[in-house]
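Below, all heavy atoms of this structure are taken into account, side chains as well, without hydrogens, waters or symmetry copies. Chain A is the first sequence line, chain B the second, and so forth, proteins listed ahead of strands; every chain is numbered from 1.
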Amino acid sequence: KAGVTQTPRYLIKTRGQQVTLSCSPISGHRSVSWYQQTPGQGLQFLFEYFSETQRNKGNFPGRFSGRQFSNSRSEMNVSTLELGDSALYLCASSPEGTGNTEAFFGQGTRLTVV
Amino acid sequence: GEDVEQSLFLSVREGDSSVINCTYTDSSSTYLYWYKQEPGAGLQLLTYIFSNMDMKQDQRLTVLLNKKDKHLSLRIADTQTGDSAIYFCAERWGDGQNFVFGPGTRLSVLP
């Protein structure tokens, strides 16, 4: 069974641009969560999608958005990039939301904003 | 709000046991997790424990939970150089897959 796949693995963008990251969950998984990892702030929860609906959201500005498709694949978008958005973005998938115990992470997308 | 704390560094000799400690604040957490992150990689789920358990053992890994003190520990027996990594403690809150992670403990295994 394939794991969680995130694309691209690496990305370099310029301040002010926007970026879209993709996450394909494990087959059959319906919940996808996104996290930002930085040396200063550690791992922080961005949002969670389940059955194409955003169920939970962390404390990030509106420049960060996401969506989930009917096949459970998810994208996150960051608009008007800032230098501080440079980070490793991780997504996690779970079979379903409430009650399920395990979340499996992808390798991440490393975004560098210059 | 929810907060998870860990010591940042731990060094052990190869073959010794490692104990990584974690404290959390959300008493309503139902599951607590340990993840491992190697350089340049994502997070690997090591193990998790349900809040009504005191201990869980899985091969070389032993998780101890003291719910009264909100203290979680991960013991790695016979630590190997391949165990060198950052270990994250996490609690799951709410009704979804939202985790609050600790800052991570960097485990260095010395030969």
Under 4.5 Å to a heavy atom of chain B? For A:Leu43 that would be both
Heavy atoms from other residues, nucleotides or ligands near CZ of A:Arg9 exceed 12 (cutoff 6.0 Å)
yes
Count the heavy atoms belonging to other residues, nucleotides or ligands that lie under 6.0 Å from CG of B:Leu8, then report whether that count exceeds 12.
yes
Is there a chain of hydrophobic side chains (I, L, V, M, F, W, Y, each step under 4.5 Å between heavy atoms) that links A:Trp34 to B:Tyr33?
no
Assert top hit (heavy-atom pairs under 4.5 Å, partner chain A, pool B:Pro103, B:Ala41, B:Gly40) equals B:Ala41
Value for CZ (A:Phe105) from CG (B:Leu45), rounded to nearest 0.5 Å, stands at 9.0 Å
So which part of A:Gln6 gets closer than 4.5 Å to some heavy atom of chain B, the side chain, the backbone, both or neither?
neither
Heavy-atom neighbours of A:Asn71 CG exceed 12 at 6.0 Å
yes
Using the rule that Ile, Leu, Val, Met, Phe, Trp and Tyr join whenever any side-chain heavy atoms are under 4.5 Å apart, tell me whether B:Met55 and B:Leu61 fall into a single cluster.
no
Just wondering, do B:Phe99 and A:Glu48 contact through their side chains at under 4.5 Å, heavy atoms?
no
Portion of B:Tyr35 that has a non-hydrogen atom of chain A nearer than 4.5 angstrom
side chain
Hphob cluster co-occupancy, B:Leu10 + B:Leu110, side-chain heavy atoms under 4.5 angstrom:
no
Please classify the contact between B:Gln37 and chain A as side chain, backbone, both or neither, with a heavy-atom cut-off of under 4.5 Å.
side chain
Under a 4.5 Å heavy-atom cut-off, does chain B meet the side chain of A:Leu46, its backbone, both or neither?
neither
Between A:Leu21 and A:Ile26, is there a shared hydrophobic cluster once you connect ILVMFWY residues whose side-chain heavy atoms come closer than 4.5 Å?
no
Reported OG-to-CZ distance for the pair A:Ser94 and B:Arg92, which is rounded to 0.5 angstrom:
7.5 Å
Is it the case that more than 12 heavy atoms not belonging to A:Arg73 sit under 6.0 Å from its CZ atom?
yes
Report yes if the distance between the aromatic ring centroids of A:Tyr35 and B:Phe101 is under 6.0 Å, otherwise no.
yes
Just verifying a value: how many Å separate B:Ile86 CD1 and A:Gln37 CD, rounded to the nearest 0.5 Å?
7.0 Å
